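No hydrogens, no waters, no symmetry mates; every other heavy atom, side chains included, goes into these values. Everything quoted here is computed from the prediction, not taken from an experiment.
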Amino acid sequence: METSQPTKVTVQAVIQAPVEKVWRYWTEPDHITKWNQASEDWHAPRAENDLRVGGKFLTRMEAKDGSMGFDFGGVYDVVNRHEAIGYTMEDGRRVDIAFVDQGNETKVVETFDAESSNPVEFQQAGWQAIMDNFKAYTEQN
């Protein structure tokens with residue numbers, strides 16, 4: 001029996017900030033709600049984060065006009081402070097994030113299993129837009 005592996009998609013950014021700050025802004029709910037959206041017409045009004053192996057997270061993502069919204073969540077499989085986070089989304093797909101300390105800057109590399117409903121390019125563009133928002137928010141605050 002043949003099993004197909006999910007398509008892996010990678011997005012990344014180099015943030016002009018030390019890894020301690022990058023980690024804090026990536027993981028603390030007060031910061032997550034400020035950067036976790038793919039476009040200006042969306043926002044994340046609520047975030048919860050139990051950052052430990054077996055812990056759960058949830059971010060509420062909504063269109064600002066109230067026309068739609070969804071909960072994005074999962075369970076942590078890997079939490080290595082200032083180095084790596086891995087989690088499984090509610091639909092079973094995996095996400096791995098590496099935080100590469102480069103002194104006064106930090107490279108963040110996020111790899112996720114693509115879903116089958118939307119084109120891979122569309123998914124990559126959306127996740128990269130969120131990564132770019134994270135970079136801008138972290139560098140400006």
Side-chain angles (χ1 to χ4, degrees), residues 1-102 104-141:
M1 184 167 127
E2 190 176 313
T3 59
S4 63
Q5 294 295 316
T7 300
K8 301 271 187 198
V9 181
T10 299
V11 297
Q12 61 185 335
V14 175
I15 293 93
Q16 301 302 311
V19 72
E20 295 82 7
K21 177 181 180 182
V22 170
W23 181 268
R24 195 170 67 250
Y25 279 36
W26 189 274
T27 61
E28 291 180 1
D30 288 348
H31 292 296
I32 294 168
T33 59
K34 307 282 193 310
W35 59 262
N36 202 352
Q37 66 274 339
S39 63
E40 286 296 316
D41 51 344
W42 279 73
H43 67 140
R46 184 171 47 88
E48 302 167 12
N49 196 18
D50 183 7
L51 186 63
R52 62 181 175 84
V53 173
K56 295 181 180 181
F57 70 91
L58 182 131
T59 302
R60 178 69 187 169
M61 302 175 116
E62 295 179 355
K64 287 182 179 175
D65 67 6
S67 63
M68 62 176 44
F70 63 94
D71 290 335
F72 179 80
V75 176
Y76 290 110
D77 306 306
V78 175
V79 177
N80 294 329
R81 191 166 190 256
H82 298 165
E83 293 177 6
I85 294 173
Y87 62 85
T88 303
M89 290 185 264
E90 292 173 342
D91 64 5
R93 293 182 296 135
R94 290 265 320 139
V95 179
D96 292 295
I97 308 143
F99 298 83
V100 183
D101 183 350
Q102 299 177 331
N104 288 330
E105 62 184 31
T106 305
K107 184 175 185 179
V108 180
V109 181
E110 185 173 27
T111 303
F112 64 94
D113 294 343
E115 43 93 354
S116 57
S117 302
N118 295 291
V120 169
E121 297 77 20
F122 177 79
Q123 295 174 65
Q124 184 169 25
W127 286 57
Q128 186 64 56
I130 293 169
M131 178 72 75
D132 293 344
N133 283 343
F134 173 75
K135 173 181 169 65
Y137 172 75
T138 303
E139 289 178 353
Q140 293 167 9
N141 291 284

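Between the side chain of D101 and the backbone N or O of V19 there is no donor-acceptor pair closer than 3.5 Å. Without hydrogens or angle criteria, T106 side chain to A17 main chain gives a donor-acceptor distance under 3.5 Å.
Summarising the geometry of E62 relative to W42, their closest heavy-atom pair is C-CE3, 3.2 Å, with the distance given to 0.1 Å. Closest of all the heavy-atom pairs between A47 and I32 is CB-CG2, 3.8 Å. Considering all non-hydrogen atoms of both residues, A38 and A129 come closest at O-CB, 3.3 Å.
Residues W35 and N141 have side chains not in contact (no heavy-atom distance under 4.5 Å, counting atoms from C-beta outward).
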Residues 112-120, side-chain donor-acceptor partners within the protein, below 3.5 Å, at least two apart:
{"unit_1": "D113", "atom_1": "OD1", "unit_2": "K8", "atom_2": "NZ", "d": "2.8"}
{"unit_1": "D113", "atom_1": "OD2", "unit_2": "R94", "atom_2": "N", "d": "3.0"}
{"unit_1": "E115", "atom_1": "OE1", "unit_2": "S117", "atom_2": "N", "d": "2.5"}
{"unit_1": "E115", "atom_1": "OE1", "unit_2": "N118", "atom_2": "N", "d": "3.2"}
{"unit_1": "E115", "atom_1": "OE2", "unit_2": "N118", "atom_2": "ND2", "d": "2.7"}

Would you be so kind as to tabulate the donor-acceptor pairs closer than 3.5 Å made by side chains of residues 79-90, with sequence neighbours excluded?
{"unit_1": "T88", "atom_1": "OG1", "unit_2": "D77", "atom_2": "OD2", "d": "2.7"}

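With rounding to the nearest 0.5 angstrom, the CG atom of N133 is 7.0 Å from the CD atom of E40. To the nearest 0.5 Å, atom CD of residue E110 and atom CD of residue Q12 are 11.0 Å apart. Once rounded to the nearest 0.5 Å, the distance linking CD of E28 with CG of L51 reads 9.5 Å. How far NE2 of H43 is from CD of Q37: 9.0 Å, rounded to the nearest 0.5 Å.
Annotation: ring pair (Phe, Tyr, Trp, His ring centres under 6.0 Å) contacts of Y25 (sequence neighbours excluded): H31, Y137. Checked against ring pair (Phe, Tyr, Trp, His ring centres under 6.0 Å), F99 has the following partners two or more places apart in sequence or in another chain: W23, W26. Shown here are the side-chain hydrogen bond (donor to acceptor under 3.5 Å, both in side chains) partners of T111, two or more places apart in sequence or in another chain: T10. Remark: K135 pairs with E139 by the salt bridge (charged side-chain N to carboxylate O under 4.0 Å, His left out) rule, at least two apart or across chains. Looking at residues two or more places apart in sequence or on another chain, you find no salt bridge (charged side-chain N to carboxylate O under 4.0 Å, His left out) involving D65. Every residue meeting the side chain to side chain contact (heavy atoms under 4.5 Å, CB included) condition with V14, not counting sequence neighbours, appears here in chain and number order: Q16, Q102, E105, K107. Shown here are the salt bridge (charged side-chain N to carboxylate O under 4.0 Å, His left out) partners of D50, two or more places apart in sequence or in another chain: R52. Scanning for salt bridge (charged side-chain N to carboxylate O under 4.0 Å, His left out) contacts around D71 gives R60, with sequence neighbours left out. Partners of A44 according to the side chain to side chain contact (heavy atoms under 4.5 Å, CB included) rule, which considers only residues two or more places apart in sequence or in another chain, are N36, T59.
Heavy-atom contacts from other residues, nucleotides or ligands closer than 6.0 Å to CZ of F72 number more than 12. Counting heavy atoms of neighbouring residues, nucleotides and ligands inside a 6.0 Å radius, atom CG of N104 does not exceed 12 of them.
The salt bridge (Lys or Arg N to Asp or Glu O under 4.0 Å) pairs that include a residue from residues 9-22 number zero, where partners must be two or more places apart or lie in different chains.
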**Message:** Applying side chain to side chain contact (heavy atoms under 4.5 Å, CB included) to V9 and Q123, what does each step give before you reach the verdict?
**Reply:** CA-CA 8 Å; V9 181; Q123 295 174 65; 5.5 Å; no
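Tested against V22, the residues V108, T27, V100 include a single side chain to side chain contact (heavy atoms under 4.5 Å, CB included) partner, V108.
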